[in-house]
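Working notes, beginning with the structure itself.
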Amino acid sequence: MLKKALEADPVNKVLVGNLGEVFFRTKKWDDAIQLFQKAQSIEGLAGDSGLKTRLAEAFVMKGDLPSAYPLLQELVKENPKDEYLLFLHGMTSSSPGPAIKSLKEAIQLKPDRKESYLALARAQAWEGDIATAKTTLDECKAKAGESPDIFLYEVALYLRDNDIENARKTIDSAPEALRGNPMTRLFQAYLDLGDRKVTEARAAFESLADNGDVGSRARLGAALCMLIQDDPNLAIEMCDEVIAKHPKEVVAHTLLGLGQLKRLQKFLAKKSLETSLELNPDQPAIRALADRLGGR
């Protein structure tokens, strides 16, 4: 009905917004993106900040952060004191510096948005400042109380800092409901792998491979276990599946290259490792390996 109404009145902003809301509620992100992109090309709707914000939100919900970021850059310039836009801008930034700046400004304007603290902690960890990230999480807990999101971020920070002992303690002391969370099970599999319980870790990763929330990371964890167990064929298959869905997944290209190297496919391995380095140049060990392959 809304589509028919828009055919009769294509510049009606209320109709566009209502149809977009239907797409959001039914998680039809591509339809929402198409709708709001079309609105940006219609005289009378083009440049509307509300519709442009909805377009950015649709990209975020789809997971296409690179497409959302330039839209949010424009919106923040137009509305530098809009807390929500600053939050989205920080969350979609492609480097930690701008993310931290925007998120701190967003928190100053609205200190009770839990998601801003979580995004800030992630950006601070991304920058390598684990201690400050933990402090941010503590501030978040003080304002919002304990929650599954904060628990998972806390464990992730311990793992990122290679603090295996505290990561394990945090998981072991969590309520049963949290220990059954797919992300918690993924973290536990990482811990098992760190303890060289490769068979147990692989079984856990494979049990999560089709889970929509953690499936790709679980497949990569399983691929790593397969490489450790000298099973490169299955590892390559897992990596190919992840790359098909996420072409810019750095770890997938790295593990793919290592699997190809185990199969003595040096040309393919070098190509995969170089792709990984193009996506993330800050991998000195992988760069050294790619350079050694280049001399053969």
Side-chain angles (χ1 to χ4, degrees), residues 13 16-41 45-127 133 136-137 140 144 147-150 152-153 156 182-183 211-217 242 245-250 279-280:
K13 180 181 173 181
V16 172
N18 287 345
L19 181 55
E21 182 65 22
V22 172
F23 289 147
F24 265 71
R25 292 191 182 208
T26 53
K27 298 183 179 181
K28 294 181 178 179
W29 312 124
D30 286 327
D31 289 338
I33 289 167
Q34 185 178 4
L35 172 70
F36 292 124
Q37 282 181 327
K38 183 177 179 180
Q40 293 300 309
S41 66
L45 296 179
D48 183 274
S49 60
L51 297 179
K52 193 183 292 185
T53 300
R54 294 299 270 165
L55 175 57
E57 288 176 320
F59 278 126
V60 170
M61 296 307 296
K62 185 184 176 183
D64 187 356
L65 303 187
S67 294
Y69 185 71
L71 292 168
L72 291 162
Q73 280 274 70
E74 296 175 15
L75 288 163
V76 167
K77 283 183 181 179
E78 297 168 5
N79 306 278
K81 296 298 181 181
D82 188 305
E83 175 271 336
Y84 182 60
L85 292 176
L86 287 166
F87 160 66
L88 289 177
H89 181 264
M91 193 175 69
T92 59
S93 293
S94 57
S95 58
I100 291 170
K101 180 177 182 297
S102 291
L103 291 164
K104 283 184 174 180
E105 291 176 6
I107 289 171
Q108 287 180 346
L109 293 167
K110 187 175 181 179
D112 59 349
R113 187 188 291 279
K114 180 181 72 174
E115 293 80 8
S116 293
Y117 290 91
L118 296 178
L120 177 59
R122 183 175 64 234
Q124 289 165 334
W126 185 11
E127 196 176 45
T136 299
L137 277 188
C140 186
S147 74
D149 288 342
I150 296 174
L152 292 171
Y153 267 75
M183 186 64 76
N211 186 289
D213 295 327
V214 300
S216 292
R217 276 181 275 189
V242 173
K245 291 184 177 180
H246 307 284
K248 295 185 179 181
E249 175 54 65
V250 175
L279 295 168
N280 179 16

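For reference, positions follow the sequence shown, starting with 1. Every value quoted in this text rests on a predicted model; they were computed, and no experiment measured them. Heavy atoms only: backbone and side chains are in, while hydrogens, waters and symmetry mates are out.
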Taking side chain as C-beta onward, heavy atoms only, is [X] less than 4.5 Å from [Y]?
| X | Y | answer |
| --- | --- | --- |
| Glu83 | Ser116 | yes |
| Asp82 | Leu75 | no |
| Ile150 | Leu118 | yes |
| Leu19 | Phe23 | yes |
| Lys77 | Gln73 | no |

Nearest-0.5 Å distance, [atom1] of residue [X] to [atom2] of residue [Y]:
| X | Y | atom1 | atom2 | value |
| --- | --- | --- | --- | --- |
| Thr53 | Glu74 | OG1 | CD | 11.0 Å |
| Phe59 | Asp30 | CZ | CG | 9.5 Å |
| Leu103 | Arg122 | CG | CZ | 8.0 Å |
| Glu78 | Lys52 | CD | NZ | 5.0 Å |
| Glu105 | Lys81 | CD | NZ | 6.5 Å |
| Leu120 | Arg113 | CG | CZ | 14.0 Å |

Smallest separation among heavy atoms of [X] and [Y], with atom names:
| X | Y | value |
| --- | --- | --- |
| Val242 | Ser216 | CG2-O, 3.9 Å |
| Ala68 | Thr92 | CB-CG2, 4.2 Å |
| Tyr69 | Pro98 | OH-CB, 4.2 Å |
| Phe36 | Gly20 | CZ-CA, 3.7 Å |
| Leu65 | Met91 | CD1-O, 4.0 Å |
| Ala32 | Phe24 | CB-CE1, 3.9 Å |

(request) Answer with yes or no whether the side chains of Thr136 and Gln124 bring together a donor and an acceptor at under 3.5 Å. (result)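 Indeed, the side chains of Gln124 and Thr136 share at least one donor-acceptor pair under 3.5 Å.
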Does [X], at its [atom1] atom, have more than 12 non-hydrogen atoms belonging to other residues, nucleotides or ligands within less than 6.0 Å?
| X | atom1 | answer |
| --- | --- | --- |
| Gln37 | CD | yes |
| Lys114 | NZ | yes |
| Arg217 | CZ | no |

(message) Check this for me: does any side-chain nitrogen of one of Glu57 and Arg54 sit under 4.0 Å from a carboxylate oxygen of the other?
(response)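 Salt bridge present between Glu57 and Arg54.
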Using atom types as modelled and distance alone, determine if a side-chain donor or acceptor of [X] lies under 3.5 Å from a backbone N or O of [Y].
| X | Y | result |
| --- | --- | --- |
| Gln40 | Gly47 | yes |
| Tyr117 | Asp112 | no |
| Ser102 | Ala99 | no |

